[in-house]
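Okay, so here's the structure we're looking at.
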Number of protein chains: 2
Amino acid sequence: MSDSHKYRYEHPRPALAADCVLFGFDGGELKLLLLERENEPFKNKCALPGGFVYMNETTEECAKRILLEKAGLKNVFIEQLYTYSEIDRDPRERIVSVAYYALVNRHQFELLAGRDTVRAEWYSISEIPKLAFDHNKIVKAALQRLRGKVRYQPVGFELLNEKFTLTQLQQVYEAILAAAIDKRNFRKKILGMGLLKELDEKETNVAHKAARYYRFDKKAYKELTQSGFNFEL
Amino acid sequence: MSDSHKYRYEHPRPALAADCVLFGFDGGELKLLLLERENEPFKNKCALPGGFVYMNETTEECAKRILLEKAGLKNVFIEQLYTYSEIDRDPRERIVSVAYYALVNRHQFELLAGRDTVRAEWYSISEIPKLAFDHNKIVKAALQRLRGKVRYQPVGFELLNEKFTLTQLQQVYEAILAAAIDKRNFRKKILGMGLLKELDEKETNVAHKAARYYRFDKKAYKELTQSGFNFEL
DNA sequence: AATTAATAGTGTAATTTTTACACTATTAAG
DNA sequence: CTTAATAGTGTAAAAATTACACTATTAATT
């Protein structure tokens, strides 16, 4: 292209990218979306979805664009994780990456799981392969962050459908924390927060007592947050 | 310079900078170091110490270098806060900034307070002026982070001398949390963590019962951290 | 129609943690 | 020796957390 080498700066600049640690929940397990790399370096290795930051977007907008372009996802819960700037983290050139973690709900999860592109795959977090670049480190940090987050902010809902049962919610918490939780104590606590709205709807077509559906009460959450309430689990 | 416009890239890149929110503790108050800007934009406004990231340093190394160059500080506790990438956060050009927060001990604080350069000044966090760029937002986030951090990691020590009294430590916690703490409960809790080493030394030249000095026991901290212990206050 | 298999849903007592609270001890100065 | 100032200490009440087991309901099976 004749226009190449168009962008000139007085001082050298690292390239700026965003990477996304995308979590889903399926089969009682926390899952992670990984892409298989088509090119060198790390060809055929798995990596986090990522890409360069454009001049007309913030890093968060970039992360969201990547989720849309690489996974077809919109409206995902996303939060900044950490910025990685080790000089040799990419063998090609200096790339500083702002990492985000994101949570997809069941609907989004199934969309993705149902695609036939082989390049994107959900991995159980207990079976994450060796990844390209410093991505294992990023995933580890994202998991740690999620584990911390879940203790003081109601974030488990993001991994479920809008309607969910308390057992499903408990399973999400158990998957994130990698620990068993007592059913009665969990319900007491989570209902006591006043963030769940009981629906007049129950499971159907289950070969056991049908569980009631709940949904997250955003309005109550906003009000309680503003009044300084704390959501420790 | 004849070598200008030397650095060319296929795609435009934001400039990358680091900014530091530097906290100190004095007079029972949490303080913040601000520099008065000498140039436009925001000439004569206060701003956080910051600067561009070199190609041979990580963003954290950059933040440390800035603390050395602009405040003469070495060996400060520093931690990444958040990366700010709003497109217009700097009126000159697109600059993405990785913000860090840092804690200086009493020795470092006094060094800085004793300098005669007018450009750097400690401000009480209750009296922070309107700052350049998006720096008020960054400071607010740093305070929030520090308040969260202090609840589950022993970080108050970083703002004191190596030797400190329990009352001093309590004052640090009170300043950070902006809340009064009960003396007996604080002592019970903090001593119960097993992270303080009681010294055979007491205050001198005080017109009241001399308080015992303690120091932070790094070794015990490491061991307890590795064994998965939790340091909630 | 009765039985089975599976999960939903519920309360209480014991334990632990957190909170509230007040006086004596020691130091230097006056 | 008196004063002013802060260090240092324990206990009881309240709140939060934990441990724990049975009945209810649904669809499938017989």
Side-chain angles (χ1 to χ4, degrees), chain A residues 25 27-29 150-152 154 156 160-161 163-175 177-215 224 228-233, chain B residues 25 27-29 150-152 154 156 160-161 163-175 177-215 224 228-233:
Chain A
F25 180 71
E29 273 193 311
V150 92
R151 291 181 172 282
Y152 62 91
L160 294 170
N161 280 325
K163 291 183 286 187
F164 51 84
T165 69
L166 293 182
T167 299
Q168 288 168 349
L169 187 60
Q170 180 176 342
Q171 284 169 345
V172 166
Y173 276 84
E174 289 179 328
L177 297 171
I181 301 176
D182 178 85
K183 180 158 73 159
R184 278 178 286 192
N185 293 339
F186 178 77
R187 285 166 183 239
K188 221 185 309 175
K189 190 100 191 197
I190 210 88
L191 290 174
M193 288 181 183
L195 293 178
L196 295 192
K197 184 137 188 159
E198 187 178 306
L199 302 180
D200 283 335
E201 205 180 339
K202 295 190 172 190
E203 288 178 313
T204 51
N205 266 16
V206 287
H208 52 75
K209 180 170 175 181
R212 177 177 294 282
Y213 281 122
Y214 290 79
R215 66 170 180 74
L224 285 168
F229 192 80
N230 225 29
F231 300 101
E232 277 185 59
L233 197 75
Chain B
F25 180 71
E29 273 193 309
V150 91
R151 292 180 171 282
Y152 62 94
L160 295 169
N161 279 325
K163 291 183 287 187
F164 51 83
T165 69
L166 293 182
T167 299
Q168 288 169 349
L169 187 60
Q170 180 176 341
Q171 285 170 345
V172 165
Y173 276 85
E174 288 179 329
L177 297 172
I181 302 176
D182 177 85
K183 180 158 71 161
R184 278 176 288 192
N185 294 338
F186 178 77
R187 284 166 186 239
K188 223 185 305 176
K189 192 100 192 198
I190 209 90
L191 289 174
M193 289 181 182
L195 293 178
L196 296 192
K197 183 139 189 157
E198 186 178 307
L199 302 180
D200 283 335
E201 206 181 336
K202 295 190 170 188
E203 289 178 312
T204 51
N205 267 14
V206 286
H208 54 77
K209 180 170 175 180
R212 177 176 295 282
Y213 282 122
Y214 289 79
R215 68 172 179 74
L224 285 168
F229 192 81
N230 223 27
F231 300 102
E232 277 185 57
L233 197 75

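A note on names: the letters A, B, ... follow the listed sequences, proteins ahead of strands, and every chain is numbered from 1.
Residues A/Glu232 and B/Tyr214 both approach DNA chain D. Their nearest nucleotides, taken by heavy-atom distance, put B/Tyr214 toward the 5′ side. Mapped onto DNA chain C by nearest heavy atom, B/Lys202 and B/Leu233 fall at different nucleotides, with B/Leu233 at the one closer to the 5' end. Residue-to-nucleotide proximity on DNA chain D shows that, of B/Arg184 and A/His208, the 5′-proximal contact is made by B/Arg184. Of the residues near DNA chain C, A/Leu166 and B/Ala210, the one whose nearest nucleotide (by heavy atom distance) lies more toward the 5' end is A/Leu166.
Among the heavy atoms of the strands lying under 4.0 Å from B/Thr167 are primed sugar atoms or P, OP1, OP2 only; no base atom is included. Nucleic acid contact for A/Arg187: base, since at least one base atom lies under 4.0 Å from a heavy atom of the residue.
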Look for any protein N or O under 3.5 Å of an N or O in nucleotides 12-17 of chain C and output each such pair with its distance, or none.
residue	atom	partner	partner atom	Å
C/dT12	O4	A/Lys188	NZ	3.0

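Here the closest heavy-atom approach between residue B/Asn230 and residue B/Glu232 is recorded as ND2-OE2, 3.2 Å. Minimum interatomic distance between B/Ala210 and B/Glu203 (heavy atoms only, all atoms of both residues): CB-O, 3.2 Å. Across A/Phe25 and A/Ala175, no two heavy atoms sit closer than the pair CE1-CB, 3.6 Å.
No more than 12 heavy atoms of other residues, nucleotides or ligands lie within 6.0 Å of CZ in B/Arg151, so this atom counts as exposed by the packing criterion.
Checking each of B/Leu160, B/Leu199, B/Leu166 against B/Tyr214 for a side-chain contact (heavy atoms from CB on, under 4.5 Å) leaves exactly one that passes, namely B/Leu166.
A donor-acceptor pair is defined here as one N or O able to donate and one able to accept, closer than 3.5 Å; no such pair exists between the side chain of A/Asn161 and the backbone of A/Lys163. Within the 3.5 Å criterion, the main-chain N or O of A/Gly28 finds no donor-acceptor partner in the side chain of A/Gln171.
Nucleotides of DNA chain D lying under 4.0 Å from heavy atoms of chain B occupy a range whose first and last members, 5' to 3', are D/dA4 to D/dT11.
Looking at B/Arg187 and B/Asp182, their side chains never come closer than 4.5 Å, going by heavy atoms from C-beta outward.
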